[in-house]
Structures are given as structure tokens and as C-alpha cells.
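For reference, the structure discussed in these notes is given below.
This structure is a prediction, so every number in the text was calculated from the model and none was measured. When a residue number appears, it is its place in the shown sequence, counting from 1.
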Amino acid sequence: MVKGNHTYANMTSMYYSTPVGVLAAVARFDPYVSKYYPTVDPIYVKAFGSDGVRNWKTQSLLQDTGPGRIGSCTKAFTSTAMAMMISANRTFCAAGVSPCKNRTLRWTTTLNDLFTGYTMQSAYRNDSDMVRSRMEFAKGLLQMPNITVPGVGGSYSNAGYILAGHIIDYVSGRPWEERVTSWIFNKIGTDGSDVPYGHVGVWKSSPSKPDNYDIQWGPTTLYMAPAGDIHMSAADHARWAALPAFCRPGAPNPTWASPCITASDFAMLHLAPNPPFNTYAMGWAGVKPYWPRVDTTNATTHNGALWGWYAEQWNLPAEHMGLSVITNHHRRNYTDNSTMAPVDFITDVLKAVAGHYQLPKCPSSPPPAPPAWSVLKEPNGSCWRSTDMMPHTLCFANASSSLLPPSYNYTLPGPVATREQCAALCINDTSCIAWSFRTGAAPNASCTNVRRRTFIISPIVLPGHRRTAAEARPLLRGAASATHGGNGGSDAGGDAGGDAGGGAVEEPQPEGEGQGEGEAGLEAGVQEEGPGADGQGPRQARRQLAESTLFKCVGSDLHTSGIVRRLDSTVTGTAIPFTTAVRWSFGAKQPFNNPGYTGAPCVSTWSECQELCLEAQQGFIKCSGWTWNASTRKCLLFSGSLTWTLQTPQAHCVLFSGMVINCPTGSIWG
């Protein structure tokens, strides 16, 4: 969570008068967490802050967590409480009708269904009893003629929402104030206390005169609160606005107390009755403003003005975002109705906040494929073969490979004119463990591939024992070099190590110290052989020769070389069910593929991210670990030394991670 006292002073110079104070917040909703992690809250406040003063006369500062009055934005809360009753299949008896016949509350329920027996009996103003006051108000209201044709038209009406508050009183059996508090307020952390000051601009004879404001303070007539008198912090208000649904199937502890809202009933709250002529739904209005870089598709909003306050709430489903901006500066002045509310200022703040706190977007194009010469997934899919280019380097088979007769050396299949072609020949040959390309015009250019081979295993025969044909057949293990010139030349027939002025078998050294070498082989051992098949043959011993270091790399101005590594990757976070999965990340380590926090590609699965890492093994920065965020689909790649950090699942932070390792099957080279 981020908070701060953000300064919007650069926005105020264009307005008739400087806003007194402003509260702003942005909240996000994570549909992935909502679907798969029922015990994790899918909504969080990303940022909130304040600027300006709370009281113009005392110049006391507005606080980031301070309350603001949201006025008619309250209508969305009243509509939501109504939807909760409908989703819970609340029943009622028509008022004044006997005997009672239970009916279920529906969106199609009419006022006549509810209040058939209502007649005007007394005055409907009673501030000490909100329920009775709303009932008497409803009785008086229902005696008046309709201002629109039922089912055809509609009109914005405070009276209608006071009547809705009375329906909640009547059907739920408890006052609107209690229902909104227990069903909504208690879940977003506000208690409705501390009514703050609002301000109205004092008329100025010219823009050059200093700004001045009258302080506004006071509640509405209490029983009218369902139409517009809630006050809360901007952070709570944004969290409220971000909620796209209230119940999540299978959630053992729903985000919201019962009754919850079904998806279809929630959709009714935002459904425009007759677009484009009438887009006002139930406490929300459909609007699609143009805000640069922000997707406002299917956006809904409501505003409110009360006692020197002005507020707007926005639900942006395409951005999974809720916004709140509240200012304690309602009217610009007493006489100019064109500046009745600082809408221009609020709009600029909304655009700025929405654009700044968007989730990272997916790049418009997929990540580039690695060079064809550099990487190959093995046919069984268990490991990846990868190579890089090392300029001014020559890799060749060690002298021990010269034990092989020329007929066992590898012959390349055709002319090789570039180092990329040379690398491709090696990467596609599952026996190739290193390659070297000699620069030069044909016929001087050449490609040497070091292939994994097997040394001769010489059986030791005891006296008196006749060797069988199988025993006489040599077994091969080790490495050999083969050279192919640019003119399509022939098998070199020998060990390229001799051309390098070497031939001595050296112990392996760590890569990065001037030369890299292949793996050491099997240790020498003795295997006792039992009697022959006829039970008469003598016991004999076979000694397996040690496998030497297979290749080495040295400096050479004329060569470019590469070593083939067989790579795999670990993976964490795939346990099912998701609620018990352990998640890991790499802490504060910065990914190398995410410049400006926007460059990382989006992929559909963690395995695709894993493959991007295994493919990224070229150049100075090689991928050593990866993290896939299931909520945002972002694939982050890391290099260098990595340390695991425990990361529990959170909204927009459900991580699958892995580290690159040498392939656990077979040899790590080639």
C-alpha cells in the first residue's frame, strides 16, 4: 500500500480559484485471485493521498486518511443494499394487507406490491426516528402523481432513494443505517463519524483578488441519508468503487458478510436502462470519457455534492480499478452557476491518478524468438541445449581423443560460411558438446565440432581364457574433433587439439577464468565377472578406463567458439489446491527484461515463462531465474546470483518461479 501527500499545485493555476483541499485514492481488483484464492482478499488500495487544508480559516492540513463527504455517491450504497436483499431472496408481506401472503423481493417488484395498504396518516418529518420518518415520507410521496411513465422513462430523484431506504427498513426488518453499516461499512473500515468541513467560494470581483471561502458544515435531514449523506476516506471510497462483485463461489469467508450479491444482480446495478438516451442505472451511470492511455470501456460513475463538498467515484472494469476523488471545495462562488462544482479540477486529478497507477500493460508484440543457432529443446522435452558465442576463443577436443581411429571422427555435412551456421550444426547434433569457427574467406573458413565419443574399454583376459567376438569389439567413450572447411573439405581424421599446440590432459577449471573445459569422466574401477554361460569359464576382471576431460577452450584471434550446455529449470508454486501453495520470489532483485516496469512480456502459463528463460542464454546477460505473475501474466527474467524469498499470494501477486540448473539427466555438456 502506498500513501502520500501528493501536490496538485501545478494543476490549479488554470482554475478560477485554488481548490481548498483534495483527497484521492485508487484501488485495484484482481479477478484471478477472486477466482482461485477464496481466502485472499482480491481488492487492495494501491495509493491514496491528500493535498490542501481541512479548514480554510485555521489552515489546518487535510489528512491522507481523513474523511470526506461523498453526497449522492451514497445512492450506490443504497442500491447495493437493495441488491443484497434480492440476491438473498428476502420475502415480505404487503403493508396493510391481511392476511399476509409472503412474496419474494425481485427487481420487478412494484411499489404497489410492497405498500398496497399505505394511506397518508400523519406528517412525515421526525428526526428522532429515521425509520418512522422514512415511512411517513413514503406514504406522502406515494400520494403524489408520477412525473414519468412507469416502465418507460426515468428521472434522477433524491425522493426515490429515500423511498428505497424505506424499502430496506421494511423488508430487512432493521433500519437502513444498520444494514449499510453491517453489510458494507464494517467491511471497508469506516464508521461514519467525524463530519468534516466543506467550503463555498466567496464571490470575487476579479480573478486577481485573493481567494476566500465560507465554511460549510452540517448534516442532511437525517432520515434522508439514503439519498446522499455518507462520509468516508478516499481510500475506503476507492476500495468500494473497485468492487465488481461481492460473493465469490466457494469462499469459506466471503469478503462481504451475507447477504452477498450474485453476479447477475451486481450487473443490474450497472445496467443502463435505455442507452444512449438514459444511462443512469441504480446508483451508477454509464459514461465513457476519453482519458489518455486509460481504457474506460463500460465505465460507470456517480458524483455527489453536499455542504461544500464535491466527490466522484468511478468503476473501471477494463482496468480492474476503482477511483475516488473528493474535494472540500464545492461551489466556486455564489453567483456563477457555470462554476458550481470544480469538475474540471476533479477530472484532471482522476485522469492523472488512473494513468499513473495502471497495472503494467502487455507489450503489443510477443517477445522475439531466440536465434535459431542458439537453442534447441530436446525431443523428449526434458532439457534444453543452449550455446553462446565467445569471440577470440578456440574450443577443441583434448588429446585423449586421439585414441580414436580416424574412421570414428565426425564429418560435417556441408560448407560452413558463418559462425551462426557452425553453431547451428552443433546445437542440432545431440552428440556435439562444443564448436569453433575459424574466420576467413573460403576455403580458409572452417568449422570444428567436438562430439561426445567413448574411449576403448580394453578387457583384461586371464590366462587360458579365449576372448569372444563380443569381448573383442572395442567400446568407445570420449570426445573427438572434426573439421569442415569452407570448400566442403573432408574429415580431418585427427584431434584438433594437436593443431592448437596442445594435447596434454588438464584438470577442469571454472568458466570465466580464461578457459572453460568439459566434464571429468568416470572414475577407474574394477568389475568382477562371474562364470561363463556353461558354468565352466574362468572368472575374469574388466578394467574400465577413466574418461578424461573432454575439451578445453583457449584464446585465439581467428576463432569464435561456443560450449553447449544442457539446461533445465526448477519451478515452485504449482501445488494444488492453490490455497496451500507455497510461493517464492527473488525479493528485491530487479529483472533485466522489464525496463520502466513495462517491458516484460505477457505469457499464458508459467511453463512459457520458464522456456523464455531457458532460451535467454546469449550475450553478457544470461537468464538464471524467472518469475511468472499469474494475475498480470507478466514474465520476469533475472540474471546473476539469486536467493529465494517467501512470497504469500496476494492480489495481483501470485507468483510461479524457478531457477536455471544444469540438466539433471545425462551429461550437462552437449
Side-chain angles (χ1 to χ4, degrees), residues 371-376 385-455 476-506 508 511 514-519 547-566 618 667 669-670:
W373 56 265
S374 66
V375 66
L376 177 71
R385 292 168 53 79
S386 179
T387 188
D388 197 1
M389 289 189 179
M390 301 184 296
H392 311 299
T393 305
L394 169 64
C395 295
F396 53 89
N398 263 322
S400 55
S401 296
S402 63
L403 294 174
L404 298 173
S407 59
Y408 287 99
N409 283 346
Y410 177 48
T411 303
L412 299 180
V416 178
T418 67
R419 59 186 183 179
E420 288 79 12
Q421 290 176 342
C422 184
L425 287 171
C426 184
I427 204 72
N428 285 281
D429 176 7
T430 56
S431 295
C432 184
I433 57 179
W435 58 274
S436 288
F437 177 76
R438 185 179 188 277
T439 305
N444 295 321
S446 63
C447 177
T448 300
N449 284 10
V450 181
R451 298 191 77 212
R452 177 176 299 283
R453 306 302 287 270
T454 306
F455 286 150
L476 304 178
R477 186 176 182 83
S481 295
T483 304
H484 197 66
N487 60 354
S490 60
D491 177 33
D495 180 17
D499 297 334
V505 179
E506 302 181 18
E511 289 188 51
Q515 67 178 28
E517 302 214 10
E519 62 181 348
E547 182 182 67
S548 72
T549 301
L550 299 180
F551 65 89
K552 67 179 180 179
C553 300
V554 298
S556 172
D557 290 340
L558 297 179
H559 289 84
T560 296
S561 297
I563 298 171
V564 177
R565 298 170 58 209
R566 298 179 70 245
Q618 297 76 45
S667 170
W669 304 106

**Report entry** CG on D388 to CH2 on W373, rounded to 0.5 Å
**Finding:**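 So the CH2 of W373 and the CG of D388 are separated by 5.5 Å.
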
Query raised in the report: When rounded to the nearest 0.5 angstrom, what is the spacing between OG1 in T430 and CG in L376?
Result: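 Output value for this atom pair is 9.0 Å.
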
[X] and [Y]: which non-hydrogen atoms are nearest, and at how many Å?
X: M389; Y: T560; value: CB-CG2, 4.1 Å
X: V554; Y: F396; value: CG2-CE2, 3.7 Å
X: R385; Y: I427; value: NE-O, 3.0 Å
X: N449; Y: C447; value: OD1-SG, 3.4 Å
X: C395; Y: M390; value: SG-CE, 3.8 Å

With sequence neighbours excluded, what pairs up with [X] under the side-chain hydrogen bond (donor to acceptor under 3.5 Å, both in side chains) test?
X: S374; answer: Q618
X: T387; answer: W435
X: S556; answer: H559

Are the side chains of [Y] and [X] in contact, using a 4.5 Å heavy-atom criterion?
X: T393; Y: S436; value: no
X: L425; Y: C432; value: no
X: P371; Y: E420; value: no

